[in-house]
Amino acid sequence: MKRSCRWGALRTKVDALIVGGGLIGCAAAWHLALAGMEVMLVEQASTGSGASGQNAGSLHFQIERRFLERKGGLGLEGEQTATLSRIAIDDWSTLEDRLGVSLHVHMNGGLMVAENADQVAILKAKADRERAMGLSVETIDGAEARRRAPYLSEGIVAANFMAAEGHADTRKIAPAFATAATAAGAEIQIRTRLTKLEWQGASFRAEIIGSEGAFTVGAKKVLVAAGVWSARIAAMANLHLPLFPVGLTMSASERTPHFLPHLVQHVAQRLSMKQTEAGNILIGGGWPSRLHRVDGIFDLSRPAELIIQSLRNNLSVATKTVPRVADLNLIRTWTGVTAVTPDQLPIAGEFPTMPGLFCAAGGSAFTLGPTFARLVADQMLERERDEADRLLAVASPARFDSLNGFMGR
């Protein structure tokens, strides 16, 4: 990328400014740069240092347990999320070839298990909806589940099996996209922080500070992909973005010979399990950790605090589902901070009240991240815009437009 000024001097202009160097931000930078846009990405830490690199790497294309807990959870939102999942399967299955690097993507299948008749009824209804949306999901009994996955407990009476589910190495994804974006011509600035964002005339004006000083950028379009920080970035542009921070807990066992080729989830309890390339068992599923607060405001700069009972409960569900893990030593437990919306759905697309400003953040941002990045990039490029708008309708910021009707530019 050519720049019209040096660090600390007056200003530079770009076609697109991306705030946030996680999976989505780096992937969007790649797509935009490949299309010929001048792109600058700013990340306050390093690429993949936030939720993109802290999660457990599940590729969960089945409707998630958190939607099944909601009244009407198998309705429109679940179906449209399933449509995005179908597209994401193709995106993930070709990602290593397109980037030319190993990301330890394993798509050997996933099981969502049940332990009683009520849970089985949920599985069957869920699978019917998923098949209607083009996802290949089977409902199998406990005996068949153990034939395919001998490590499962005798207490498992049924499961939904989806052949495309799996996991990937979270530590590799965002840096790989960043490398590809840079090769395509994008400029990526790490340890660089956005301090001000406003609409000015015919473009956005962003004030940024990095290790070599402060500078100002003019951008025709801006993508906010800053994870848990996204709401604060949107506020700089005088917009409400209902994203709320939540702390989660993950654990890793010692390495053991490979025996768990699948992603394992539970239809009624918080659980996700998979085995890494190195042999560690990763255990998660949405158990909370505790956010720190300063003067009543959540401190997003500090890691969340481990809640011991969350760890105990998570490990209890894990060992009950896959008894073999009870014999393994736990070598690490960590917390991560992600962001959720009031309706638990992600946010991806353009703000109707501020054309040119886009956002991609919220739930499922790892599993659906490459797909969100590609579709939002299409919107920014005005490329196949109608199709991108249709696919992202369920995640559009437009559903919160009433919050911003009084804000304006």
Side-chain angles (χ1 to χ4, degrees), residues 1-48 98-100 174-226 229-230 233-234 236-237 348-351 354-361 369-370 372-385 388 409:
M1 173 187 293
K2 295 181 180 179
R3 299 185 58 191
S4 59
C5 66
R6 299 181 302 171
W7 282 94
L10 294 177
R11 69 174 62 197
T12 185
K13 293 183 179 180
V14 297
D15 296 320
L17 173 67
I18 298 175
V19 186
L23 186 163
I24 294 176
C26 292
W30 177 53
H31 287 292
L32 295 174
L34 282 177
M37 269 196 170
E38 282 193 306
V39 181
M40 177 182 289
L41 181 150
V42 294
E43 161 58 44
Q44 66 177 349
S46 57
T47 55
R98 284 183 290 137
L99 291 178
F177 272 122
T179 298
T182 300
E187 181 175 1
I188 294 180
Q189 298 288 349
I190 62 172
R191 299 178 182 85
T192 303
R193 184 166 53 89
L194 179 74
T195 59
K196 188 174 183 178
L197 178 66
E198 61 184 7
W199 177 256
Q200 197 172 74
S203 65
F204 292 92
R205 178 177 180 274
E207 294 185 5
I208 298 167
I209 186 166
S211 58
E212 297 184 52
F215 61 102
T216 303
V217 174
K220 298 175 183 177
K221 297 182 179 180
V222 175
L223 170 60
V224 179
W229 297 92
S230 295
I233 302 300
M236 294 181 186
E350 187 174 25
F351 288 93
M354 192 167 289
L357 183 64
F358 299 77
C359 180
F372 284 151
R374 180 171 58 82
L375 293 176
V376 172
D378 283 346
Q379 290 180 323
M380 297 175 74
L381 291 161
E382 299 293 337
R383 180 177 64 187
E384 300 181 16
R385 180 67 190 259
R409 290 187 185 270

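Everything numeric here is computed off the predicted structure, so don't read it as measured data. What you see below is based on every heavy atom in this structure, not just the backbone, and it leaves out hydrogens, waters and symmetry mates.
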Quiz prompt | Nearest atoms (heavy-atom pairs only) where A225 meets S230 | solution = C-OG, 4.1 Å

Quiz item: Taking the side chain as C-beta and beyond, is there a heavy-atom pair between V222 and F358 under 4.5 Å?
Solution: no

Quiz prompt | Among L197, T216, V217, the one residue meeting side chain to side chain contact (heavy atoms under 4.5 Å, CB included) with R205 | solution = T216

Quiz item: How are the rings of W199 and F204 set relative to one another: parallel (under 30°), tilted (30 to 60°) or perpendicular (over 60°)?
Solution: perpendicular

Practice problem: Provide the closest heavy-atom pair for A388 versus L375 in the form atom of the first, atom of the second, distance. | Solution: CB-O, 3.6 Å

Self-check item: Donor-acceptor contact below 3.5 Å, side chain K196 vs main chain A206
Solution: no

Exercise. Measure from the side-chain N and O atoms of E38 to the backbone N and O of V14, and report whether any donor-acceptor pair falls under 3.5 Å.
Key: no

Exercise. Report yes if the side chains of L23 and F372 come closer than 4.5 Å at any heavy-atom pair, otherwise no.
Key: no

Quiz item: Got a sec, which residues hit side-chain hydrogen bond (donor to acceptor under 3.5 Å, both in side chains) with R385, two or more places apart in sequence or on another chain?
Solution: E350, E382, D389

Self-check item: Partner of V224 under side chain to side chain contact (heavy atoms under 4.5 Å, CB included), chosen from I233, I18, L17, L194
Solution: I233

Quiz item: Out of L223, I24, L32, which residue meets the side chain to side chain contact (heavy atoms under 4.5 Å, CB included) rule with V376?
Solution: L223

Quiz prompt | Side-chain touch W229/R193, heavy atoms, less than 4.5 angstrom | solution = no

Practice problem: Sort out for me which residue in K221, K220, M380 forms a side chain to side chain contact (heavy atoms under 4.5 Å, CB included) with D15. | Solution: K220

Quiz item: With no hydrogens and no angle check, is any side-chain donor or acceptor of T192 less than 3.5 Å from a backbone partner on Q44?
Solution: no

